[in-house]
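As the structure is a prediction and not an experimental result, all values here were calculated from the model. We number each residue from 1, following the sequence as shown.
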Amino acid sequence: MTKKNTAATIVTIVIAALAIATTLFLLYQMSQSEVVENTPGSFIPSDEVNDEMNENATRLVKNNCEVFRVFLQYGLPHEAEPYNNKPDDGLYTVSSDTYKKMADLEKLVNETFVEKEAERILTNAAGNGAVYADQDDGTLGVSEKCIGADGTFAGMDYGFSWTNASVTLLPISNTECDITIELAADDGSGSVAVGSQNSSSANSSSAESAESSAEGQSKSFTVTMMKANGVWLLENLAY
C-alpha cells in the first residue's frame, strides 16, 4: 500500500480587495505527491496536522496581507482637517467601517503575529513611530507623520500583486511550518496568474527571506508559522 504523502502542500490563495481594509480569499489545495518525492527527509505531518496547517496558513496569509496594506501600503481613509490644517494632536480621524478603535487593529495584529512582532507593528511599523492610535474621544486616528503633502497615506511603493498569490507550505514539525509566498508583478489589471511553487528549495526556519526574479516578474519570500499555546502565529510580517 502506498503511504499517503502530506509533507508539503501547494495552495493558491486568491485575494480580491473589495475595499482598502477588506480582503476575500479562495483556497485551492493541489496534488502533493510529486512535491514530496522531490523533498527527501521532509517532515510528514499527520492528516489532522496537515489540515490544521492549511487552515491556519490561509487565515494568517490573509491577515498578513491586510496588515501590510493597512500599516504600510494603503493605510486607512481619514478625514481632512478644516482648511487643510494639521491636527492639533498629531492624529487625523480615521473613517473606516472595519476599524473604528485601536483595539480593532490590535486584535487583527495580535491574532496574526508572535508577541514581539505584533508589538513592533503596532508601535513602529514604518520606522517613524505608531501609525495609528486612539484619539481623546476614543476614535481611531492615523499619525500625521504617515500622511503625505497631497493629503493621502504615504505608503510604500510596492510593485507586486497579492491577487492569485502562490503559497507553498513546508512543514518542519507539528508546531512549525514555513510558508513560501510568490507574487507576480502588478500589471495594473487586477488579475495576475501565478504558477505553483516547487517545495524542494525550502528554507529551514528563517523568519523571512525575500527575493525578486531577475526579470522582475515575480517576488518570492518565506515566513515561518509557529504554534504556541495552541495558537498558530506568524514570526514576521512578510511582504
**OP:** Could you walk me through whether Y92 and E79 pass side-chain contact (heavy atoms from CB on, under 4.5 Å), step by step?
**Re:** CA-CA 6 Å; Y92 288 95; E79 300 174 4; over 6 Å; no
Do you see a donor-acceptor pair shorter than 3.5 Å between the side chains of [X] and [Y]?
X	Y	result
T112	N63	yes
D178	T224	yes
T93	Q135	yes

Identify whether [X] and [Y] are in the same connected component of the hydrophobic contact network (ILVMFWY, side-chain heavy atoms under 4.5 Å).
X	Y	value
V49	V167	yes
F221	I179	yes
I121	L108	yes

How far does [atom1] of [X] sit from [atom2] of [Y], to the nearest 0.5 angstrom?
X	Y	atom1	atom2	result
C65	I181	SG	CD1	9.0 Å
Y74	M156	OH	CE	12.0 Å
F71	L237	CZ	CG	9.5 Å
Q73	F68	CD	CZ	4.5 Å
L183	S161	CG	OG	7.5 Å
E115	R120	CD	CZ	14.5 Å

Would you check if the side chain of [X] reaches a backbone N or O of [Y] as a donor-acceptor pair within less than 3.5 Å?
X	Y	answer
N124	A130	no
D89	L91	yes
D51	E48	no
N56	L60	no

I need the minimum non-hydrogen distance between [X] and [Y], along with the two atoms involved.
X	Y	result
A238	V223	CB-CB, 3.8 Å
M53	E176	CE-O, 3.9 Å
K101	G138	CG-O, 3.5 Å
N174	F43	OD1-CZ, 3.2 Å
A125	L72	O-CD2, 3.7 Å
L169	C177	CB-SG, 4.0 Å

Original post:
Under the side-chain contact (heavy atoms from CB on, under 4.5 Å) criterion, do T139 and K100 qualify, and how do the steps go?
Top reply: CA-CA 6 Å; T139 60; K100 298 179 180 297; over 6 Å; no
**OP:** Step by step, work out the ring-ring contact (aromatic ring centres under 6.0 Å, His included) result for Y99 and Y132.
**Re:** CA-CA 11 Å; Y99 306 107; Y132 302 97; 8.3 Å; no
Tell me which donor-acceptor pairs under 3.5 Å the side chains of residues 142-150 have, and how far apart each pair is, sequence neighbours excluded?
from : atom 1 : to   : atom 2 : distance (Å)
S143 : OG     : K145 : N      : 3.1
D150 : OD1    : T152 : N      : 3.1
D150 : OD1    : T152 : OG1    : 2.8
D150 : OD2    : T152 : OG1    : 3.0

Original post:
Is D97 atom CG crowded by more than 12 heavy atoms from other residues, nucleotides or ligands, each under 6.0 Å away?
Top reply: no
**OP:** Count the heavy atoms of every other residue, nucleotide or ligand shown that sit under 6.0 Å from CG of N85, and state whether that count exceeds 12.
**Re:**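 Yes - once you tally the heavy atoms of other residues, nucleotides and ligands closer than 6.0 Å, there are more than 12.
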For residues [X] and [Y], determine if any side-chain heavy atom of one lies less than 4.5 Å from a side-chain heavy atom of the other.
X	Y	value
E117	L234	no
F153	V131	yes
K227	E52	yes

**OP:** Would you please classify the geometry between the Y158 ring and the Y239 ring as parallel, tilted or perpendicular, with 30° and 60° separating the classes?
**Re:** perpendicular
**OP:** Test F113 against every option in L122, L233, N64 by the side-chain contact (heavy atoms from CB on, under 4.5 Å) rule and name the one that passes.
**Re:**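 So, applying the side-chain contact (heavy atoms from CB on, under 4.5 Å) to F113 and each of L122, L233, N64, only N64 qualifies.
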Subject >> Stepwise salt bridge (Lys or Arg N to Asp or Glu O under 4.0 Å) test for K62 and E66 >> reply: CA-CA 6 Å; K62 168 187 173 182; E66 176 76 344; over 6 Å; no
Subject >> From CA spacing to verdict: side-chain contact (heavy atoms from CB on, under 4.5 Å), T180, L170 >> reply: CA-CA 8 Å; T180 298; L170 302 164; 3.9 Å; yes
Subject >> Salt bridge flag under 4.0 Å for residues E55 and R59 >> reply: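 Looking at R59 together with E55, the answer is no, because their closest N to O distance does not fall below 4.0 Å.
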Original post:
So does K116 pair up with E119, basic N to acidic O under 4.0 Å?
Top reply: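 Salt bridge absent between K116 and E119.
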**OP:** Take L76 and L140 through the test side-chain contact (heavy atoms from CB on, under 4.5 Å) and record every step on the way to the result.
**Re:** CA-CA 10 Å; L76 294 172; L140 183 62; 4.0 Å; yes
